[in-house]
Structures are given as C-alpha cells and as structure tokens.
2 protein chains.
Amino acid sequence: MPRVRKQNETMSIARLAKYLGLSEGTVSRALNNYPDIAEKTVARVRKAADELGYRPSTTARRLARGVVETIGFVLPARDGHQIDPFLAEILDGLATELALSDWDLLVSAVPDGHDEVEVMDRLIQSGKVGGFVVARTKRHDPRIDFLRKSHVPFVAQGRTENCDDYAWLDIDNEKAFVDAVNYLVGLGHRKIAYLGGDPELNYAWQRRAGYLAATKANGCDIAPGYMHDGITNELAAREAVLEILKLPDHPTAILCVTDAVAIGAIHALAHAGIDVGSEMSVIGFDGLPMGEAIHPGLTTMSQASYQIGREVGRIVVAQANKANSPASEFSQILWEASLTVRGSANPPALKLAANAKGGIS
Amino acid sequence: MPRVRKQNETMSIARLAKYLGLSEGTVSRALNNYPDIAEKTVARVRKAADELGYRPSTTARRLARGVVETIGFVLPARDGHQIDPFLAEILDGLATELALSDWDLLVSAVPDGHDEVEVMDRLIQSGKVGGFVVARTKRHDPRIDFLRKSHVPFVAQGRTENCDDYAWLDIDNEKAFVDAVNYLVGLGHRKIAYLGGDPELNYAWQRRAGYLAATKANGCDIAPGYMHDGITNELAAREAVLEILKLPDHPTAILCVTDAVAIGAIHALAHAGIDVGSEMSVIGFDGLPMGEAIHPGLTTMSQASYQIGREVGRIVVAQANKANSPASEFSQILWEASLTVRGSANPPALKLAANAKGGIS
DNA sequence: TTGACAACCGAAAGCGGTTTCGGATAGCGT
DNA sequence: ACGCTATCCGAAACCGCTTTCGGTTGTCAA
C-alpha cells in the first residue's frame, strides 16, 4: 500500500515555523499557551496560524501527548436493528456536549457473531477511545463488569444491581412508577394492570418494583393476570392486552413500562372497541413526541433524554480529565421523571365529551 | 498538563520485538503481511502478539501511514433535538458496515452558533476524518457544495438538484409517490390531497413532484386547498387536516410526505370523528414500526433504512480506498420504495367490519 | 562594570508505529 | 570450492506534534 503523501498541500507546524522564522517547538508552545513565550510572539504566531489556516493534526497531537480525547458508544445490539427514539436523543445530547468540550464521539455497532464487550475491548486496546458511555443497562451488566476492571473512565446511563463504584446517571424509575400508581389511585383507580418489559433490563425491573410497592402501599391487590413481563414491542403489548381483557374482573387502568408498549396497548384496546381514556386508562413512560400525536394523547412519565445525554457527556469528560487523581469520587446522579398529563388516563368509567363522534366540519 | 505516560503497562511493538528477539520493523512487516518475511517467523510473531495481547496503537499507525480510517457524520441540527427514526436506523446500518470494514464512525453535533459546514471543515482540517456521509439532503445543499471542493470522499444519502458529480444513494421518491397515487386511483380515489414537507428538502420536493405528476397523468384535478407544504410535524399535520376538512368538496384520500405526518393526520382525523380507512384513506412514507402499532395500521411506502445505511457505508469506504485513481466513477444508486399495505387506505366510502365497535371479551 | 536572574527561544528526544534500503545468510548451479 | 541470486531481516528515517532542558539574550541592582 502506497504511503499517502499529502505533499506540500497541507499546512504543518514545520511550514508555519519556517514561515515565521521560529522553531517548531516555539510555535507549538505559543499556540498552546505556554507562559514562556513573549506576548508579541504569541500574537504573531496566532495571526500567521490563522491566516495560513493551520490546524494541528490531531493524530500527531494525540501520539505526542499520549491521550485520545474520544468517547466510545456502542449501539446496543437488538434484533430488528432499531435504535429506539430514547437512545437517539441521548446520542444527540451526548454528541452535542462532547463537541462543546472538543471531544470526539466514536459510535460503533456490534457485528454479528461478536458481543459488545468484545467490541469495547478492541476499541480500548487499539487506543481508539479514552472513555465510554453505556446505555440501557441490565441488572447484571457484563459491560459494566468489564469497564470496572479496564481502568478507562466511563459513565452509565442507568444503574445496575451493584452500582456503588462507578459513575452513573439514572432516572428514579421506581419513584416514577410509584408516582404513576398514586396518580391513578388519586383518579379513583384500584384495579391497575402492568405491562412490564424485559426484567433483565434494569429500568424495567425498577419500574416493576415501583408498581409493586405502590399498589401494595395503596392496598390495591394485583389480581392474577394483571402483571405481564417481557413486553418489549407493540405486538407483545397487543397480545397481553387481549389476555387482560379476557379476565373476569378486568382492570380499569394499565401502566406500561414504555411509551412504545403503551401505544401498542392503546392500539389493541381501540381495536377491541374499548374507549381509551374512559373505559380504560393507560399510562406510559418516556415522553416521546409520538405520545402527543396519537389519539387520545398519551399520559406518560417524561424523561428529558437529550438533557440526560448532555449531562452524561459532561460527566464522562470530567471523569476523564481528572483520571490521575486517586480514588476520585464518582458522580452518581438520580433525576426524577415528571408526569405529562394528556388524555389517556382519567377517572374510571368517565365518558369524555371529546370522544363523541362529531360532524365533519 | 502532565504527559500521560502509560508506563510499562501497555504492550508496544518495541516490547513485542524485544521479547521475540526481532527488530520492530520485522515485527511490523510480519503482522502486516509483507511478503519478505519467512512463513515461520510470521507464525511466531502472530502467536506472540496473540499471547501478549498486542494491538497496534491506531494513533501511531495513522500518523505513520498518513491515513485516518474514519468517516464523519454530522447530526442535522434541528429544533427540538430529535433524531428521527429514519436517521437513527441509517446510523445503525452505517455503524455496522463501518465496523465490518474496520473503519470508525465519528458522530458530531452542531453546537449553537455554528453551522454544519463549519463543523465538517474542522473535522477535515484537523485530520479527524477521511470521509463523510451526509443525510437529509436539501435541494441546494451547502454541505455538498463544500464537500465537492474539499477533496475528501463522501457519499450522500439523498440527492440534490445537481447530482452528477458525486456519489449518492437515494430512494426514488418521485416514483414512489407516483405509485402511491396510482394505488389510490386503483382503489377508486379521485380526490387526493397532499401533505408535503419542507420543499427545501430534496426528498419532500421529489415526492411532491411525484404527486403532481401522477395526479395529472390520472386526470385527477387538485382542488384548491388540497396541497399543503411545510408540514414537518404532527401539530402542523393536524392543522392542515382541519383545513382540508373545511373544504366544501373534501378529498377521500390524503397522501403524506412521511409517516410522522401521516400519523399526525390520522390522529387529527380520528379526533374529528372521521373513520380513517373508510371515510378517509391515508398513506405515508417511511415504513416506521410505529405505523404498525397505530389504529388503523398505516399503509405506507417503505424504505429499508438500515440497509440504506449499510450500503452508504460500503460505498464511502470503497470510495475512500480508491481515492488515488483519477476521475473515478461515482456510485449513484437509486432504490425503490415498496408499498406496505395496512388498514389506512381502502376504496372510498367503504366501511370496514373491523372498525365496528365490538364487545369487550 | 559585573554578576545574577528573568525572560525567551532553539535543539533534540520522544510518542509508537511504518516503510525503504541495503546487508547478511543460505541455497543453488557449475 | 566459488560466485550469484533469492530470501530474510535489521537499521534508520520518518509521520507531525509536544515537552524537557539548556543556552542566549537583556535588565537591573550592586
């Protein structure tokens, strides 16, 4: 393979130095705010660098300084290759924050036949990244186990079962679902069903715990058939709803682990001729824009995904910058979800006027 | 700033060479399949590298070889910071393909006060990327203009007005909307309205062209008030639908520029008491999973976003690899969207049995 | 005037690889 | 036994920038 010579095209520090009649070292120090360069020399160098459009090669700079200002993010491998909207927003926030800190974001996928840890390991070993962000944590997450002993800074969006010794930012899922149940109870509901996600996923587990705790605290008993786990897509939600509707004493409200599940549930209910919002209340979690577009609007616990992404980015960069200081504290941040009230949850058996079929004009 | 010395921790080629009793050059050539290294030496080096867990520093390698095997992707700056699902899937496909080719994907956002070209320029000048993928092209796209003269390989997902001299992969938007109109006409519709997007965006413009061409070809006239442009979110879709419903002679079908718009339209129709699928047909574009979850299911023109991402990745890597060959051909690929039939489009004035309200059990 | 001390800058050694070039060794024919 | 090639490997330059270290100046007090 022929060496790619960029010839005399690109502006190197050598040319800049020659142009200025200075040594490379002096130019470098001038541009990097070393105190031992005369003010006017600094100004002169800055000016020339600007005019000639000089930008130091990050590759060379990294090699010389022994740092890579790059954060890795490995897309969770899911079937169907769908990045859910929540992840997408986090990614956006993360990219924004990193751009502001002059760090890079390296996104990788997991090729078939490999696993995420493998991919992360390669990225670290080959020196491509100097830190990681992991999202969608499992209760026992091999990625976290791996990163713990890899000595690269990282922050998790979401906790794991044992989460004392690393940095994370999470939503208080349990409290959120306690709040959701309390809200339903406040509306008059006593019979509340639950469509839960994959219990391996930490957030699903915690939301489930919130549901269990709050129904118990309110003295609502969970009839057999009220709880469904492993609902991860709209289709599963639909089937679970059909099961629920078959119950002799069916619930008046359904709490859903995510907006996607809630939307699937609403669809299923509508299809079965149930009037959502009056005959059956539904609450989701995420605050997706889509929740506003469906009919009725989805009442949901919202989390500010973009902000989460930004904060996670801030933390991981901070962590990486003080990587030397021994036994540094880990940021462990818990944010609260907020209730967004729309039309899908109301007092039981209330018929809404808005749902009456009206004329065209 | 203290130099970060990785001490004796990391495995460098120097240590590997010393361990083997060979020179660094020999080890390097052995690992890089140079023909002038004895078979058994190669084997010995490979084995030792494996055992000692040696991975060459990509930074050093890049500096020495003068290449960066990295593709940049700048997230389109939109208000609301929402990566739409279509982009997310493309990103996933792109990341997958690049991972398979051992290229990196560098994702950046555009900080406030800057523009996309600026960000791309910095990435190029500082040598962080060796190629670009741009998505969501505008009819006149400054990013393309910039990349054209920047001499870095790139491929666009989506075309622009003048698109002869660069590589792109696009969906045949015009044909897709011709097909959609023909499908509706085949169902018996004659009065077809259109909810279009931002006409600056190339795909929106082409879909609009398809709508215009096909309605004309079929002799359907477009009544005043049938065409709405600039519909970019669910809210706008809702308002446009209300306008349409006010028309004295209102249409029997609405063709929507994206699934998101279609879903907003369906919501608005439902809210107005119109039975979607019988009283009014709706067709979208994208093939989002969400289209399956709503009620009725969304009939739509589907594009395989993940595959698009992969193919775009394949092309850009190929392009970058043969960057030397002069005046090389550009891949220019047009894929077709396919019609996914669900419940939202039917012959006009047909009442579907499935829409009848049924009992609970 | 001289010495001491700042203030500035140049020289040079890395960072961890790659690649060219030439030398040593071995194998071969005669 | 000799020379000649092919084969294989080591030496060294280099990629572009950073950073240490030491050497020149200039300034000011004694």
Side-chain angles (χ1 to χ4, degrees), chain A residues 1-45 48-49 52-69 125-128 130, chain B residues 1-45 48-49 52-69 125-128 130:
Chain A
M1 191 172 306
R3 187 180 277 226
V4 180
R5 286 278 168 262
K6 287 182 275 175
Q7 302 277 63
N8 41 14
E9 317 248 353
T10 49
M11 199 59 200
S12 66
I13 199 174
R15 288 154 63 99
L16 182 55
K18 195 170 1 166
Y19 171 82
L20 284 164
L22 290 172
S23 75
E24 300 182 19
T26 301
V27 172
S28 171
R29 287 189 315 254
L31 293 175
N32 288 295
N33 299 317
Y34 275 61
D36 65 341
I37 305 289
E39 283 293 344
K40 56 190 257 278
T41 308
V42 171
R44 202 163 65 93
V45 172
L52 302 191
Y54 168 70
R55 286 211 185 287
S57 147
T58 26
T59 303
R61 167 185 273 254
R62 282 176 184 168
L63 182 57
R65 305 189 49 183
V67 297
V68 277
E69 287 160 336
Q125 295 304 329
S126 55
K128 289 183 173 179
Chain B
M1 192 171 304
R3 190 179 275 227
V4 180
R5 286 277 168 263
K6 286 181 275 175
Q7 302 277 62
N8 40 15
E9 317 249 353
T10 48
M11 198 60 200
S12 66
I13 200 175
R15 289 153 65 95
L16 181 56
K18 195 167 4 161
Y19 171 84
L20 283 165
L22 290 173
S23 75
E24 301 180 20
T26 303
V27 172
S28 171
R29 288 188 315 253
L31 292 175
N32 288 295
N33 300 318
Y34 275 62
D36 65 340
I37 305 290
E39 283 291 345
K40 54 190 258 276
T41 308
V42 171
R44 202 162 66 92
V45 172
L52 302 191
Y54 168 71
R55 286 211 185 289
S57 148
T58 24
T59 304
R61 168 186 273 252
R62 282 176 183 169
L63 181 57
R65 305 188 50 185
V67 298
V68 278
E69 287 161 336
Q125 295 304 330
S126 56
K128 288 183 172 180

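Numbered from 1 within each chain, the chains take letters A, B, ... in sequence-line order. Values in this document were obtained by computation on a predicted structure and should not be read as measured data.
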Would you say the side chain of A:Leu16 lies within less than 4.5 Å of the side chain of A:Met11, judging by non-hydrogen atoms?
yes

Rounded distance in Å - CG (B:Leu16) to P (C:dG16):
14 Å

Residue-phosphate contact under 4.0 Å: B:Arg65 side-chain N/O, C:dT19 OP1/OP2:
yes

With heavy-atom distances below 4.5 Å as the criterion, would you say the side chains of B:Leu52 and B:Arg15 are in contact?
no

Within the 4.0 Å heavy-atom criterion, would you say A:Thr41 contacts the bases, only the backbone, or no part of the nucleic acid?
sugar-phosphate

Gap between atom CZ of A:Arg29 and atom CD1 of A:Ile37 - 0.5 Å precision
4.5 Å

To the nearest angstrom, how far is B:Leu63 atom CG from D:dC15 atom P?
9 Å

Which comes earlier along DNA chain C counting from the 5' end, the contact point of A:Ala38 or that of B:Asp36, where each point is its nearest nucleotide?
A:Ala38

Does B:Tyr54 put a side-chain nitrogen or oxygen below 4.0 Å from OP1 or OP2 of C:dG17?
yes

Assuming nearest nucleotide by heavy-atom distance, tell me which of A:Arg61 and B:Ile37 is located more 5' along DNA chain D.
B:Ile37

Heavy atoms only, 4.0 Å cut-off, all strands: where does B:Ser57 land among base, sugar-phosphate and nothing?
sugar-phosphate

Select base, sugar-phosphate, or nothing to describe what B:Ser28 touches, counting heavy atoms under 4.0 Å on all strands.
base

Tell me which residues in residues 17-25 of chain A lie within less than 4.0 Å of DNA chain D, going by non-hydrogen atoms.
A:Glu24, A:Gly25

Rounded to the nearest 0.5 Å, the OG atom of B:Ser57 sits from the NZ atom of A:Lys128 at a distance of 10.5 Å

Please round to the nearest 0.5 Å and tell me the distance separating atom CZ of A:Arg61 and atom CD of A:Glu69.
7.5 Å

Starting at CZ of A:Arg29 and ending at P of D:dT20, how long is that distance when rounded to a whole Å?
10 Å

Rounded to the nearest Å, what distance is computed from the CZ atom of residue B:Arg15 to the C1' atom of nucleotide C:dG17?
15 Å

Do B:Leu31 and B:Tyr54 have side chains that approach each other closer than 4.5 Å (heavy atoms only, starting at C-beta)?
yes

Grab the OH-C1' distance between B:Tyr34 and C:dT18 for me, whole Å please.
6 Å

To the nearest angstrom, the CD1-P distance between B:Ile13 and C:dC15 comes to 14 Å

With no hydrogens and no angle check, just 3.5 Å: does a side-chain donor-acceptor pair link A:Asn32 and A:Arg65?
no

Check the distance between D:dC9's P and B:Glu39's CD and give it to me in whole angstrom.
11 Å

Expressed in angstrom and rounded to an integer, what is the separation of A:Arg62 atom CZ from D:dT19 atom P?
15 Å

